[in-house]
Every structure is written in structure tokens, then in C-alpha cells.
Number of protein chains: 2
Amino acid sequence: MTAPPPRTYREVPPDGPRRAPAARRALARALARVVGDGGVLWRDPELLTYDADGLVLEKFWPDLVVLPRAGAEVAAVLRAAAREGLPVTARGAGTGLAGGCLAERGGIVLSTARLDRILELSADDRLAVVEPGVVNLELSRAAAAHGLHYAPDPSSQMSSTLGGNLAANAGGPHCLKYGQTHRHVLGCVFVTGDGETVRVGGPSAGGPALELLGPVVGSEGTLGVVTELTVRLTPRPAAVRTFLASFDSVEAASQAVSDIIAAGVVPAALEMIDRLIIQAVEPFVKVGLPLDAGAALLIELDGAPAGMERRGAQIRGLCDARGATGFREARDDAERALLWKARKGAFGAMGRITSGFAIMDGVVPRSRLPEALRRVAEIGRRHGLTIANVLHAGDGNLHPHVLYDVDDADAAARALRASHDILRACVELGGSISGEHGVGNEKRELMPLMCTPDDLEAMARVKRVCDPAGRLNPDKIFPTGREPWVPRAAGGTAGTWI
Amino acid sequence: MTAPPPRTYREVPPDGPRRAPAARRALARALARVVGDGGVLWRDPELLTYDADGLVLEKFWPDLVVLPRAGAEVAAVLRAAAREGLPVTARGAGTGLAGGCLAERGGIVLSTARLDRILELSADDRLAVVEPGVVNLELSRAAAAHGLHYAPDPSSQMSSTLGGNLAANAGGPHCLKYGQTHRHVLGCVFVTGDGETVRVGGPSAGGPALELLGPVVGSEGTLGVVTELTVRLTPRPAAVRTFLASFDSVEAASQAVSDIIAAGVVPAALEMIDRLIIQAVEPFVKVGLPLDAGAALLIELDGAPAGMERRGAQIRGLCDARGATGFREARDDAERALLWKARKGAFGAMGRITSGFAIMDGVVPRSRLPEALRRVAEIGRRHGLTIANVLHAGDGNLHPHVLYDVDDADAAARALRASHDILRACVELGGSISGEHGVGNEKRELMPLMCTPDDLEAMARVKRVCDPAGRLNPDKIFPTGREPWVPRAAGGTAGTWI
């Protein structure tokens, strides 16, 4: 056993709520009888990549990680966890960003990494039956031979899994036209906290009530562990056109977004980046965006080739009417990939302009987008912080990046308060605290902004139906009464910030 | 008080599980204090139209009908029902066809007829907030001024209500392209069996988990009474083209359906009628369908005008390749209405060819449609019955009309057994016992065909969360252990067949 590799950030000491090493070793042996010797990790170095959720600021070490190979093994692991009184946190690729897969109370992290088979792919019925550990993009690759793809495309689609996408009800740039994950999951099989296997939904339209698929999609592993998904496949568009328009201000760009939607054009994607993102990204991708532009829109049309010319001209006209300072179209797939890099490279380019940042995931009705962006700017000024914006603009889904200096504890605390204020503003404007990342542990204390006590109690009752012992991903989604987002490093409790 | 008007069919005597008139009068007085004098019906003649569900074969009289005017009144009615121990069955327009709105145990029928206001209509955000009693088509009429409509269009859309559509998760011809009701309801407010008011979903994309809207849509009033809906509005298509193709056989027509879908054309509607329906309908509508055609397809394209010509030619080519014996296009809106009449007039024209019929609502994966139709024909032969077929073919949704002579008790019983066999075949082919009408009381005993005991128990637990006393639309959806579809006239128990 080697020592954990050094880290460049503060990390949680691997004790906290965990059991003693001897107890963990005994548990590992028992579980290895279910999932095989290669299916249990319990030594600290092995657990290192299972303690965080993408960018999330807190890190927690589980007692052990279990990697089942079949639905029956998942059920056996959950029954074993019930006998041992251990919490179980299901985990896909760990790219959710809101802390949904963190093992805050230790226990078992149930990784779906070995449940990675495409069980059925029917071109005729346009659906696939898959295990939850199949990577999003892998399914689209497998379906490409039939001219099909899996439409929801989170930015993490090269690594995130279909089970994780289901847990977060993931979105993506093309979900403006095609709808989020819940529109593409037709049914699933999941195992409840007591180890019972339940099938909900199915391949056909309709299906008999009660429809229990809805609560499972987006439930972040709090209702059960999904062992099989039936998902819809969508024809790949015959033609695609991609445009990049620049504007002097985010107001002008957001007005153009409203105009495009109001005109009845439904782009496949309608994304916005603001000046700070442009300045971070342009030196990398060299797409030719002016560094003094206030905002840029990435607009993609897809569908049948006929009418594309007219719709493209219509979009250009609408952008020009709002004073677009630049407008270009990708001439080929290589240039299309370059334009997309300006959008998808935003996350990676943040390192150029900040040492730390918090990404929020709020939603407002599309018509309130200009006001929401004004409020984001005000909130930044009030807290003395810089905020960069990436938006799934067509959906009204904001991803403000609140920048701070990781060595300035006060700035980190202000960044978290500012993030909090932004989500509060989204709710005031008729929106939501989560567009696609889920609630996780990051936003649970904000749930009362959106839900009355009766609403929360209704959710809690459904949770208890599937998980009476509260063993599945405990404390997630529901308010705990603890202070949200307090940098724990200061207090020295269970977690800490990157 | 006048005697009930005479009826031409056997009806249930208005006693059964009901309370004595004096008790009902006292209840009516108490409830009138909540909903006003005009809001309670309890005298038998007043209850006459509230005892059946469209074509459904059984009829039950409630104790009284209550018509609240606001969500707060609904909650007060439910609390009163809880005090009195009365079941409550919510009712929209009574056009569900599967018996979902029947007051089998008497008690209160809660009609949403006076909850008929459009509370908000936002063209910018493309949504409407409505009360449940708003008639489906009325919302589309109100939205037309903004170039929008409410896309799901059940054949009953001139009379059925949005609340009833939600309860049944209604479909319609254009749901092939636009999706069923659950795709268009963004959120709702409902009152639980204990009189608590809960809001689920909302106007924005995403929204925090747990998503409890899913189970409510399609729950047929078993989880709560919906008092407000937020629904998506959809742009009216800029152009529409409508085609009618005839074929020698249902096999050829179903193969054409498969080919059209496989070619990646997504028609707005893709409906099929078979020879018997053609023979019943053609003499009425005079659309020019040959009476010896085996089947006809009604195919509608909508969207931007560009590309329509090409897509129309593609569809014609695909129909010709399957040996279409006729192919015509509507030249104008009047002719389009005529072609639709051939499809939508099917129900009304049945009286020309039969005295009684049972309509089923099964679904199969689209690729199994030819096989499903072969099985329907076999089942008809086995039971010595004639079966006519209307299909939302693009969705794989079958509506076999099983014909029988109402004066032949044995034929009625065979019709019910044949209907049963058809739904069993749908499930064997990977489909479902309900596409859009719901389960109601008609299909509850078939639920075990689709659901394991664990699946049903999961549903039952969710039901108990919202309705611990089992007061909301009792016995619906869930199997009761009683024989399905036994013509009760013979036994003289609670119900009888039309």
C-alpha cells in the first residue's frame, strides 16, 4: 500500500464518519463475495478519485467503493448495506458539480462503472436498453451506424454516464430543441433502499398509471439505484448550420435570444458567453471573437436541408436588428468544431483568469433573461466579485462563474453568498435553483425558496416510500437546517474548499 | 322533483352504495356553504349525466355532485369529505372512456366544470396557467391570437378539459410529433386526500428534484384533485399538408407506416383506419375512399413551408412502394377538414354497422404493428366477432372497436374477452394496456400483465402518500381481485352494460 499522492488543495482527512480500517476490511471481504475481488475498493489510495464531484467544493471519503456487475449484484449490495446500517451513494462519472454523489456520511459509494453494457439497440423502435454506466457519447457512437443518436448532450458527455445523467436530469446545449434527459428516458429498473427491484415506465407511448418514472429521473440516487435504462434514440439531423454572433452588450444579446425564440425559430442550440468568457477563451481557440465584445451567441440550426437558408437569413436579420457587431457561419465541420470550442472551452479556460470559481446553475423564464443578467452583474458589484457568464440562453439556464482567489477565505465566503443571491434572484424572477446539475448537497438549504413545507413533505414522503431507512444518499436534496456553503476549512469540520 | 327521463338502455338503479336521500340532502346543505347553492347537485335527475364515462359500459350514481369555483373550495370539499368518510371522484368532461371518473362507491363527484378560467397566457414564455375545467380547444383558441396553440389534441378536444386530459395523460393524432399531455404540462397545484395543497413542477426548465409532477399526470384523480395547471404552448405550424393513402391490406398500410418513420420523416399525424371503418365512414363523409380498400392512412406534415414539397414527395414514394392503391392531397382547408372527418368520424359512424362496441386502447412498439393487427384479426376470428380498427399508427396505439349485438349477452361477454385478449397480445409484443385513456375501472384487473407485485406495491405506496385514507377515486387503476368486464346485467349487481 502506497501513500496517497500529494494534492495541491486542502483535502478532508480520511477519517470523519468512517469506520475503522479493520471494520472496513471485513466489510470489503463480505462484499467481495457479491461483486468479486475486483469489485471492492477500501484502501485509502484506491478511494482517492471517489471523494469529490467534479468542481464541487467539498470532499468526503467513503468507507468503501463497490462496483457491481449486474442488477442482481446491486440488489445484493443494497441488502448488505441494510444489514450493516451503511448509507449508499450511487455514483456515475462524478461530474455532476452540485455534490449529488458525495458520500457525506461515509458508507458505500456504489459505482456504476462496471454496469456499462448496451443491452439492446433497436433502430426500428428508436430505443436502446442500457446499463447505467454506459458513457453518454458511447451510446451515440453505437447508434450512429443506424443514423441515430442520444440527443441530450451535457458538456460532460465524453465522460458522464447515462445513469448519472438520469440522476441529475442532465441538460445540454441541444436540449433547447430536444428536451432534457427526462424527455429521453422511457423507463428504468431501479433497486430501492430495501433491495427490492422495481421497473417503471417502458418502451411504449403512454403506459399505465401511476407514472413513477418522473420522480426517479432527477432524484440523484435518493430513491433507488438504477440498474437499467430504456432511452429514446433520435435521428441525426440531415443538415446542421452553426453561427456565431457578437454583440456590444449582454442586454443586446439576450434581446436577440428573445427575438429568435419569439420568431418561432427553434434552434437546436442557442448559447451565450459574455465578455469575460470571451477574453478567457479567445486566446486559446482563436475563433476571431473581438476581445471587447460584450457577449457572443452560438446559434445552431438542424433538421432537413430545405428551409435552412431562409432560417439562417432570418436569424442573421434578427441579430442585426439588435445591433450584432459580427456574424459568421461555420463553413465546414472543422470550423463548426472551432465555434463550439469557444463555448465548451469556457470551463477549461477559467484557469487563465482566476484561481477559484463557483459555477451556479439557475434558470429563469426566457423572457426574464435580460433582467436576470442585470441582477447577476449587480450581485457581483455588491459583493465586490467578478462574475463571468455562460448560458444555455434558449432555455433561460444561467451558469454564472463567480470568480475568487482561493487563498482569500473572505472572497470564497463572499463568492458563496453571491452564488446564493443569484439563485434567490432566479427564483424571484419565476425560475429555479437548478437547471440540470441537480440540488445535491450544494443547494439543499435553498429548497425552501422554491418549495413550501407541504411541498417538501410530499417529496419526503415519496423518498420514504422507496427508502424508509433513509439509507440512499442521505441528506441530499432535502434541507438539513445546516448553514449552506460555509467554507468548512475555516471551521475545520468535515469538508473543505478547493 | 320530476322523474328521470326514460332511457333506451339498461341503467343502474340509483341506490347501490349511496346514502339515504335525507342524509344526502343534509350533506348537500353543508357543502353548499362551501361552494354556493348552485354548486351542489344531489337530486337524482340532476345527477343523470354524472353517472357514466363516455362509452364506458358501467354506470354508477354518486351521492352528490359538487362544483367548486376555486382551489380553496376544492380543499374545503376534500376536508369535508374526510370528515364524512366519503369517497371523492374528480371529473372533467366525462369523456375518458376507461371508467376513470365513475363513482363506483358513490360519494362525491367533484366536477371541475366551474374551474374554467385561463389565469395567465404568456406569449413570451409560451405557457398558460389554467384551471382544470378549461376545455382543451378553448385554450388553443385563446392562444391563437399569439400564433400559439396547445398541441395535444384528443379527439374529444371540443369537450374534454385540460384537467381530465392531465388525469388520463391524453394523447391525440398530433401527439406523434408533439408528445402526449405529460410533455406539455409543466407544473400543477393539487389537493391531496387530506386537503393539503401541493405545488409540483413549474414554468422553468429543470426544476429541483424530486419531480412529483410525473406521477400526478396520468393518475386519474387517485393522488389528488388538480386545481391549477401550467402548460406549454406551441407555435402553430406555418404550413400544413394532409394526405390520404389507401392500400389493399392493413399489412401494406402498416409497412408504409414503418417505412415513413424509418425514413426519418416525423409527420405531425399518422393515422390508420381499416376496411370496416372505411365502409362505415365513407357513405357519410364521401371523401372518395374505395369501399374495398383494406386500409387508409391519413398523413399530415407540418412545419416551415420549405422542404414540404420534398417531404410530401418522399411520403408518396414510400406509400407507392408499398403498393398504395390511391394517394391524394387536400388542396385547401375545407378538403383537409374532410379528410380528417374520415378519421374523426369513425366513432360516430359505428352506429351504422353495429348496435354495440367496445373500444380498446392498447399500444405496441411501432415495429410490431403489422403483427399486432394480425393478432387482432385472429382474436376476432377465435371469438366469432368482427373487429374494426382505428390506429394512431405512428405511435403504435391501437383502438380496436370490438363489435357486438347489444341484445346478445353472450356476444357482449365474448367482446369483453376478446378485448382482454387484444390487450394481452399488446403486452406480449412489448407494449402497454393503455395508450391514452388510462386504466380506470376497465383495465385494472389487467395491471398485473404489466406490473410485478413489487411494481404495484411501489405505486400503491405513492398513492398512500397522497391519499392515506384511500378516499380519492377508490379502486381505480389498482387490481381489486374482482373479475374484469363481467356483464353485470346478467348477475344484477351494481352495474350493467349499455
Side-chain angles (χ1 to χ4, degrees), chain A residues 122 124-125 147 169 171 180 182-183 196-199 202-215 217-220 223 235 258 262 264 304 306-307 310-311 363-367 395-397 430-436 438-439 447 450 452 454-455 458-459 461-463 465 477, chain B residues 124-125 147 169 171 180 182-183 196-200 202-215 217-220 223 235 258 262 264 304 306-307 310-311 363-367 395-397 430-436 438-439 447 450 452 454-455 458-459 461-463 465 477:
Chain A
S122 165
D124 281 349
D125 291 322
N169 189 17
Q180 284 180 240
H182 68 114
R183 297 290 188 97
E196 287 166 10
T197 298
V198 178
R199 181 178 291 274
S204 297
L210 303 176
E211 196 276 81
L212 301 189
L213 180 61
V217 176
S219 65
E220 307 184 31
L223 300 186
S258 291
R310 190 189 51 76
R311 289 161 70 209
V363 189
V364 295
R366 260 184 318 243
S367 61
D395 283 327
N397 189 186
S432 162
I433 61 171
S434 173
E436 51 172 346
V439 175
M447 287 289 279
M450 301 206 55
T452 67
D454 277 355
D455 297 347
M459 291 183 192
R461 284 188 201 165
V462 171
K463 157 84 172 160
V465 158
I477 297 178
Chain B
D124 281 350
D125 291 321
N169 188 19
Q180 283 181 239
H182 69 113
R183 296 289 188 100
E196 287 166 10
T197 297
V198 177
R199 180 178 291 273
V200 290
S204 298
L210 303 176
E211 197 276 81
L212 301 189
L213 181 61
V217 177
S219 64
E220 308 183 30
L223 300 186
S258 290
R310 191 188 50 77
R311 289 161 70 208
V363 190
V364 294
R366 256 180 327 239
S367 61
D395 283 327
N397 189 185
S432 163
I433 61 171
S434 173
E436 51 172 348
V439 175
M447 286 289 279
M450 299 205 57
T452 67
D454 277 356
D455 298 347
M459 291 183 191
R461 285 188 201 164
V462 171
K463 156 85 172 160
V465 159
I477 298 178

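On a predicted model such as this, the values are computed, not experimentally measured, just so you know.
Shown here are the side chain to side chain donor-acceptor pair (under 3.5 Å) partners of Ser258(B), two or more places apart in sequence or in another chain: there are none. Here Arg461(B) pairs with Glu457(B) under the side chain to side chain donor-acceptor pair (under 3.5 Å) rule; sequence neighbours left out.
Shortest non-hydrogen contact noted between Asp125(B) and Arg366(A) is OD1-N, 3.6 Å. The two residues Leu223(A) and Lys463(A) make their nearest non-hydrogen contact at CD2-CA, 3.5 Å. Heavy-atom minimum distance, His182(B) versus Asn169(B): N-OD1, 2.9 Å.
Arg183(A) touches chain B through backbone and side chain together, each having a heavy atom under 4.5 Å away. Within the 4.5 angstrom heavy-atom criterion, atoms from both the backbone and the side chain of Arg199(A) approach chain B. Using a 4.5 Å cut-off between heavy atoms, Ser122(A) makes no contact with chain B at all. For chain B, the nearby parts of Ala458(A) are the backbone and the side chain; heavy atoms of each come within less than 4.5 Å. Looking at Asn397(A), neither its backbone nor its side chain comes within 4.5 Å of chain B, counting heavy atoms on both sides.
The residue among Leu212(B), Asp124(B), Thr452(B), Val462(B) with the most heavy atom pairs within less than 4.5 Å of chain A is Leu212(B).
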